[in-house]
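As the structure is a computational prediction, the values presented were derived from the model and not from experiment.
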Amino acid sequence: MKFHKQKIKGVYLIEPEPFKDSRGMYRRHFCQREFKDHGIITTIAQANIVENKLRYTLRGFHYQKPPFGEGKTLSCIKGAAYDIVLDIDPKSSTYLQWTGFKLDDKNRHSLYIPPRCTHAILTLKDNTIIHYYTSEFYSPKAEIGIRYNDPYFNFKWPHQPKVISEKDKNHPDFIP
């Protein structure tokens with residue numbers, strides 16, 4: 001795997017190095033040693049699969065307040081998605097900066113998001129499936145969110161989201 005540091009502190013785009021032969025392809029999705037060498041949390045508390053029926057479905061921004069912050073590694077295993085990562089740690093040198101990534105079943109990239117960041121996903125194709133694992137267990141009482149169209153951030157989505165949960169539509173305006 002190749003680990004590419006991103007402009008947001010602690011975020012990595014992970015490029016697989018697949019082995020191909022007449023049978024198909026093999027690639028690693030996780031390696032405790034390599035993740036640790038890059039300062040990535042190697043604890044896996046949960047693995048999740050998100051199945052999205054329609055393109056332009058938006059999920060996020062969700063995160064958990066300390067001490068329940070989750071490091072996440074995610075991949076698009078079918079279809080395509082655009083993921084925006086936002087640094088929400090006031091102590092970080094990249095605080096309140098965001099960046100976006102296209103993940104799909106062609107590039108096979110994974111994205112590591114540290115616990116001090118939040119993210120949101122917009123599907124770009126019907127029947128998009130996202131696989132991710134987290135370093136902490138889900139704690140509903142610690143969950144908080146930021147609205148996908150919060151005017152403070154001026155997020156640039158590749159397409160206008162069409163399918164959004166009521167919860168995600170109604171997060172209050174962000175106040176730094």
Item to complete: State yes or no: do Phe68 and Ile88 share one hydrophobic cluster built from I, L, V, M, F, W and Y residues joined by side-chain heavy-atom distances below 4.5 Å, directly or via other members?
Response: no

Worksheet item: Does the side chain of Leu124 come within less than 4.5 Å of Pro158's, by heavy atoms?
Response: yes

Practice prompt. Start with the C-alpha gap between Arg116 and Asp87, add the side-chain angles, then the distance that decides, and say whether salt bridge (charged side-chain N to carboxylate O under 4.0 Å, His left out) holds.
Written response: CA-CA 6 Å; Arg116 52 179 199 66; Asp87 187 335; 2.7 Å; yes

Worksheet item: Between Arg108 and Ser75, does a side-chain contact (heavy atoms from CB on, under 4.5 Å) hold up when you go through it step by step?
Response: CA-CA 7 Å; Arg108 297 179 175 89; Ser75 302; over 6 Å; no

Worksheet item: Within the distance-only criterion (no hydrogens, no angle test), does the side chain of Tyr12 pair as donor or acceptor with the backbone N or O of His38 below 3.5 angstrom?
Response: yes

Discussion item. Could you work out, with salt bridge (charged side-chain N to carboxylate O under 4.0 Å, His left out) as the rule, every residue matching Arg23, not counting sequence neighbours?
Written reply: Asp21

Worksheet item: Does Gly79 offer a backbone N or O that forms a donor-acceptor pair with the side chain of Thr128 under 3.5 Å?
Response: no

Worksheet item: Is there a ring-ring contact (aromatic ring centres under 6.0 Å, His included) between Phe155 and Trp98 once you walk through the steps?
Response: CA-CA 8 Å; Phe155 298 120; Trp98 63 269; 5.5 Å; yes

Worksheet item: Would Val163 and Tyr148 show up in the same hydrophobic cluster when neighbours are defined by side-chain heavy atoms closer than 4.5 Å?
Response: no

Less than 3.5 Å apart, which donor and acceptor atoms pair up between the side chains of residues 54-63 and the rest of the protein, not counting sequence neighbours?
| unit_1 | atom_1 | unit_2 | atom_2 | d |
| --- | --- | --- | --- | --- |
| Thr57 | OG1 | Leu54 | O | 2.7 |
| Arg59 | NE | Asn52 | OD1 | 2.6 |
| Arg59 | NH2 | Asn52 | OD1 | 3.2 |
| His62 | NE2 | Asp168 | OD1 | 2.7 |
| His62 | NE2 | Asp168 | OD2 | 3.4 |

Discussion item. Apply the hydrophobic cluster definition, ILVMFWY joined by side-chain contacts under 4.5 Å directly or through others, and give me every member besides Val85.
Written reply: Ile8, Val11, Leu13, Val50, Leu74, Phe101, Leu103, Leu111, Ile113, Ile121, Ile130, Tyr132

Only pairs under 3.5 Å count here: list side-chain donor-acceptor contacts from residues 40-48, not counting sequence neighbours, and write none if there are none.
| unit_1 | atom_1 | unit_2 | atom_2 | d |
| --- | --- | --- | --- | --- |
| Gln46 | OE1 | Tyr138 | N | 2.9 |

Discussion item. My understanding is that only residues two or more places apart in sequence, or in another chain, count here; which of them pass ring pair (Phe, Tyr, Trp, His ring centres under 6.0 Å) with Phe174?
Written reply: Tyr152, Phe153

Item to complete: Using a 4.5 Å cut-off on heavy atoms from C-beta on, say whether the side chain of Glu70 contacts that of Pro115.
Response: no

Worksheet entry | Single-linkage hydrophobic cluster Ile146~Leu96, side-chain heavy atoms < 4.5 angstrom | yes

Fill in: Residues that Lys65 engages under side-chain contact (heavy atoms from CB on, under 4.5 Å), provided they are two or more places apart
Ile144

Fill in: Pairs involving residues 107-129, ordered by first then second residue, that meet ring-ring contact (aromatic ring centres under 6.0 Å, His included) (sequence neighbours left out)
none

Worksheet, complete the sentence: Rounded to the nearest 0.5 Å, the NZ atom of Lys141 sits from the OG atom of Ser139 at a distance of 8.0 Å

Worksheet item: Taking only residues two or more places apart in sequence or in another chain, which ones pass side-chain contact (heavy atoms from CB on, under 4.5 Å) with Ile129?
Response: Ile49, Glu51, Ile77, Lys78

Worksheet item: Is there a donor-acceptor contact under 3.5 Å from the side chain of Thr134 to the main chain of Lys72?
Response: no

Response to the item:
Contacts of Lys169 meeting salt bridge (charged side-chain N to carboxylate O under 4.0 Å, His left out) (sequence neighbours excluded), chain-then-number -> Glu166

Worksheet entry | Intermediate values then yes/no, side-chain contact (heavy atoms from CB on, under 4.5 Å), Lys2 and His4 | CA-CA 6 Å; Lys2 295 179 185 176; His4 303 283; 3.8 Å; yes

Worksheet item: How long is the gap from NZ on Lys106 to SG on Cys76, to the nearest 0.5 Å?
Response: 9.5 Å

Discussion item. Set out, in order, the CA-CA distance, both residues' side-chain angles and the distance that settles side-chain contact (heavy atoms from CB on, under 4.5 Å) for Phe19 and Glu17, then state yes or no.
Written reply: CA-CA 7 Å; Phe19 172 78; Glu17 295 180 299; over 6 Å; no

Practice prompt. Return the set of residues passing side-chain hydrogen bond (donor to acceptor under 3.5 Å, both in side chains) with Glu34 (not counting sequence neighbours), or none when no residue passes.
Written response: Arg28

Worksheet item: Using 4.0 Å as the upper bound for N to carboxylate O, is an ion pair formed by Asp173 and Arg147?
Response: yes

Worksheet item: Which heavy atom of Ser135 sits nearest a heavy atom of Gly69, and at what distance?
Response: OG-O, 4.2 Å

Worksheet entry | salt bridge (charged side-chain N to carboxylate O under 4.0 Å, His left out) partners of Asp104, counting only residues at least two apart | Lys102

Worksheet item: Taking it one step at a time, do Glu143 and Lys167 satisfy salt bridge (charged side-chain N to carboxylate O under 4.0 Å, His left out)?
Response: CA-CA 12 Å; Glu143 186 180 22; Lys167 178 175 79 172; 3.2 Å; yes

Worksheet item: Partners of Phe35 by ring pair (Phe, Tyr, Trp, His ring centres under 6.0 Å), sequence neighbours excluded?
Response: Phe3, Phe30

Fill in: Basic-acidic side-chain contact under 4.0 Å: Arg27, Glu15
no

